[in-house]
Amino acid sequence: MFRRSFTSNSFTSKSRAGKTVKASKRKYDEQAKEKMQENVENVDKPSPGRCALTSPIVTMIVGQDQRLFAAHADVLSISPYFRTALKEKSLDDGAKQLALPEEEPEILSCILEFLYKGDYYPRLLRGKRRDSWYLENAQDPYQTGGCGSSEATFFHSGVKDIVLRDTVVYCAAEKYGLEELKSVAFRKQGLQSGIPADVILRSARYAYDHTPDTESRLRAHYLALIIRSRKTFKRSGTMQMEMKNGGKLFFDLFVAMCNHMDDLVEIR
């Protein structure tokens, strides 16, 4: 139902063979005018990794331990959230400071790395096949037949347990208005494998708690993942415990749906 496409659009120009097509001066003037207008419109729309590092430094106090981070104001302003916050938070001497008590330092580190470099560790790299991807320092699945994972989970102090790192980055990108980062985090999560059932369920709950009801990509990913791995989840004590918290009916319904789907697969 939800289709992901990782292909990029390419634009080619064609002309008649054997003939030279000479563009008119008017056409060149129009193109130059459009290019100039595009540059003007993009002045206030900086993109990751393309900011001049000449703006004031902003100090950020992050997490329960109040760890200090610093970044250039222009870089932070790529995010609508930070752009608005910087307009409201300024000290008398011109220095700017932001407090992010609910943010995880490791996640903010990923956010800043993306804003400066356009990606965060482990980087997303292209595979040898068309439209294939793999993570930096992970096994190349097309060389070994596996699908290695890299830096998949971390301890979240708010959750007080292990969750999928890319899920939290995705939710943070949703909060900070970074659509490109959401796409990067989502693609990285799809490359992870061998994640325990309890971590998947915990991360799915986190995704539902930190995304709006209109969000379909990450939520649909977890639903599809659980359905694909139904044989594991219907035997999962963690799954049963979670469903029991909402009523035993829900767990029984889940198992019944799994058994029914298994029957359909066998019939086909």
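Predicted model, so just to flag it, every value in this text is computed and none were measured.
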Asks: Report the C-alpha distance between Val265 and Met261 in whole Å, list the side-chain angles of each, state the deciding distance to 0.1 Å, and finish with yes or no for side chain to side chain contact (heavy atoms under 4.5 Å, CB included).
Replies: CA-CA 6 Å; Val265 171; Met261 293 180 67; 5.5 Å; no

Asks: For the hydrophobic clusters of this structure (ILVMFWY residues joined by side-chain heavy atoms under 4.5 Å, transitively), does one cluster hold both Ile57 and Leu86?
Replies: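 No.
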
Asks: Would the number of heavy atoms belonging to other residues, nucleotides or ligands and lying under 6.0 Å from CZ of Arg219 be above 12?
Replies: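 More than 12 heavy atoms, drawn from other residues, nucleotides or ligands, come within 6.0 Å of this atom.
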
Asks: Find out whether Phe254 and Met239 are in side-chain contact, i.e. whether some heavy atom of one side chain is under 4.5 Å from a heavy atom of the other.
Replies: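 A side-chain contact exists here, since the closest heavy-atom pair is under 4.5 Å.
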
Asks: If hydrophobic clusters are built from ILVMFWY residues whose side chains come within less than 4.5 Å, do Ile61 and Phe69 share one?
Replies: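 No, Ile61 and Phe69 fall in different hydrophobic clusters.
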
Asks: Distance check, rounded to the nearest 0.5 Å: Arg202 atom CZ versus Ile195 atom CD1?
Replies: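 Going from CZ on Arg202 over to CD1 on Ile195, the span is 11.5 Å.
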
Asks: For the pair Thr84 (side chain) and Pro80 (backbone), establish whether a donor and an acceptor sit closer than 3.5 Å, ignoring hydrogens and angles.
Replies: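 Indeed, once roles are kept as given, a pair shorter than 3.5 Å links the two residues.
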
Asks: Quick one: OH on Tyr176 to NZ on Lys182, what's the gap to the nearest 0.5 Å?
Replies: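 That separation rounds to 14.5 Å.
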
Asks: So, do Tyr222 and Leu164 sit near enough that their side-chain heavy atoms are less than 4.5 Å apart?
Replies: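 Result yes, sub-4.5 Å side-chain heavy-atom pair found.
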
Asks: What I'd like to find out is whether the side chain of Thr153 reaches to under 4.5 Å of the side chain of Ser203, using heavy atoms alone.
Replies: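 Contact flag for Thr153/Ser203 side chains = no.
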
Asks: Mind checking the CH2-CG spacing from Trp133 to Leu124? Nearest 0.5 Å is all I need.
Replies: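 Going from CH2 on Trp133 over to CG on Leu124, the span is 5.0 Å.
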
Asks: How far apart are the closest heavy atoms of Ala152 and Gln192, and which atoms are they?
Replies: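 Ala152 and Gln192 have their closest heavy atoms at CB-OE1, 3.5 Å.
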
Asks: Can you give me the closest heavy-atom contact between Lys231 and Lys234, atom names plus distance?
Replies: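 Closest heavy-atom pair between Lys231 and Lys234: O-CG, 3.8 Å.
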
Asks: If you define the side chain from C-beta out and look only at heavy atoms, does anything of Ser157 sit under 4.5 Å from Gln64?
Replies: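 Result yes, sub-4.5 Å side-chain heavy-atom pair found.
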
Asks: Go through the steps to decide whether Phe154 and Ile162 satisfy the test side chain to side chain contact (heavy atoms under 4.5 Å, CB included), and finish with yes or no.
Replies: CA-CA 5 Å; Phe154 83 111; Ile162 301 296; over 6 Å; no

Asks: Could you go step by step and tell me if Asp161 and Asp198 meet the side chain to side chain contact (heavy atoms under 4.5 Å, CB included) rule?
Replies: CA-CA 10 Å; Asp161 213 327; Asp198 63 317; 5.8 Å; no

Asks: Hey, could you give me the CG/CG distance between Leu181 and Asp166, rounded to the nearest 0.5 Å?
Replies: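 Going from the CG atom of Leu181 to the CG atom of Asp166 covers 9.5 Å.
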
Asks: What is the minimum heavy-atom distance between Leu112 and Ala71, and which atoms define it?
Replies: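 So the minimum-distance heavy-atom pair works out to CD2-CB, 4.0 Å.
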
Asks: Identify the heavy atoms of Gly190 and His221 that sit nearest to each other, and give their distance.
Replies: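 Closest heavy-atom pair between Gly190 and His221: CA-CE1, 4.5 Å.
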
Asks: Under 4.5 Å between any side-chain heavy atoms of Val168 and Val159, yes or no?
Replies: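 Answer no - side chains too far apart.
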
Asks: Does atom CG of Asp263 have more than 12 heavy-atom neighbours, drawn from other residues, nucleotides or ligands, at distances under 6.0 Å?
Replies: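 Count over threshold, so yes.
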
Asks: A side-chain contact here means heavy atoms from C-beta on lying under 4.5 Å apart; do Arg228 and Leu225 qualify?
Replies: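 In contact.
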
Asks: Would you sort out whether Ile200 and Phe233 count as a side chain to side chain contact (heavy atoms under 4.5 Å, CB included), showing the intermediate values?
Replies: CA-CA 10 Å; Ile200 292 176; Phe233 280 98; 3.9 Å; yes

Asks: Would you say Glu242 and Ser236 make side-chain contact, with heavy atoms under 4.5 Å?
Replies: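 Contact flag for Glu242/Ser236 side chains = no.
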
Asks: CG/Leu115 to NE2/His72 distance, rounded to the nearest 0.5 angstrom?
Replies: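 Answer rounded to 0.5 Å: 12.5 Å.
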
Asks: If you take all heavy atoms of Ser55 and Asp74, which pair is closest and at what distance?
Replies: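 Shortest heavy-atom separation between Ser55 and Asp74 comes out as OG-N, 3.0 Å.
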
Asks: Could you pull out the closest heavy-atom pair between Leu98 and Phe82, with the gap in Å?
Replies: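 Heavy-atom minimum between the residues: CD1-CD2, 3.7 Å.
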
Asks: Is there a donor-acceptor pair closer than 3.5 Å between any side-chain N or O of Glu113 and the backbone N or O of Tyr120?
Replies: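 No, because the side chain of Glu113 does not come within donor-acceptor range (under 3.5 Å) of the backbone of Tyr120.
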
Asks: Quick check: does any side chain N or O of Gln189 sit under 3.5 Å from a backbone N or O of Thr167, one acting as donor and the other as acceptor?
Replies: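 Yes.
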
Asks: Is there a donor-acceptor pair under 3.5 Å between the side chain of Glu215 and the backbone N or O of Arg217?
Replies: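 Yes, because the side chain of Glu215 sits within donor-acceptor range (under 3.5 Å) of the backbone of Arg217.
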
Asks: So if you build clusters from Ile, Leu, Val, Met, Phe, Trp, Tyr with side-chain heavy-atom gaps below 4.5 Å, do Tyr81 and Ile111 land together?
Replies: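 Linked within one cluster.
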
Asks: Measuring from atom NZ of Lys175 to atom NE2 of His210, what distance do you get when rounded to the nearest 0.5 angstrom?
Replies: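 Lys175 atom NZ to His210 atom NE2 measures 8.5 Å (nearest 0.5 Å).
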
Asks: Does any part of the side chain of Glu174, heavy atoms only, come nearer than 4.5 Å to the side chain of Leu218, both counted from C-beta?
Replies: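 They are not in contact (no side-chain heavy atoms under 4.5 Å apart), so the answer is no.
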
